[in-house]
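Keep in mind the model is a prediction, meaning the values are calculated, not measured.
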Amino acid sequence: MIPRSVIIFKNVRLVIKADKLLQQNGIVCKIVPVPTFISSECGMCIETAANDCSAITRLLTDKGFVFDIRAVD
């Protein structure tokens with residue numbers, strides 16, 4: 001099984017914008033509910049392969065996103 005990470009944002013609007021940006025840059029990802037061990041509130045996040053985290057961090061930071069990446073496996 002491939003190790004996975006989730007990228008958490010302040011709101012769903014940012015999740016959608018970031019998902020579009022990542023996919024445009026060839027990063028495989030999908031929007032999923034925030035895992036309950038991270039937050040019991042309703043919300044969405046982006047799930048991706050853990051080995052893409054450095055590229056994702058660079059890309060999102062360059063575009064001014066505020067986010068948190070956490071391992072889920």
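- Expressed to the nearest 0.5 Å, how far OG of Ser39 lies from CZ of Arg70 amounts to 9.0 Å.
- Through direct or indirect side-chain contacts shorter than 4.5 Å among Ile, Leu, Val, Met, Phe, Trp and Tyr, Ile27 is connected to Ile7, Phe9, Val12, Leu14, Val15, Ile16, Leu21, Leu22, Ile31, Met44, Ile46, Ile56, Leu59, Leu60, Phe65, Phe67, Ile69.
- Residues meeting the side-chain contact (heavy atoms from CB on, under 4.5 Å) test with Ala55, sequence neighbours left out: Arg58.
- Within the structure, side chain to side chain donor-acceptor pair (under 3.5 Å) pairs that include any residue of residues 6-22 comprise Asp19-Gln23 (at least two apart or interchain).
- Evaluation of the side-chain hydrogen bond (donor to acceptor under 3.5 Å, both in side chains) rule for Asp52 yields no partner, not counting sequence neighbours.
- Applying the side-chain hydrogen bond (donor to acceptor under 3.5 Å, both in side chains) test to Asn51 and every residue at least two apart in sequence or in another chain returns nothing.
- By the side-chain contact (heavy atoms from CB on, under 4.5 Å) test, Lys30 pairs with Val32, Glu47, sequence neighbours left out.
- A search for side-chain contact (heavy atoms from CB on, under 4.5 Å) contacts involving Pro35 returns Val6, Phe37, Ile38, Cys45, Val72, not counting sequence neighbours.
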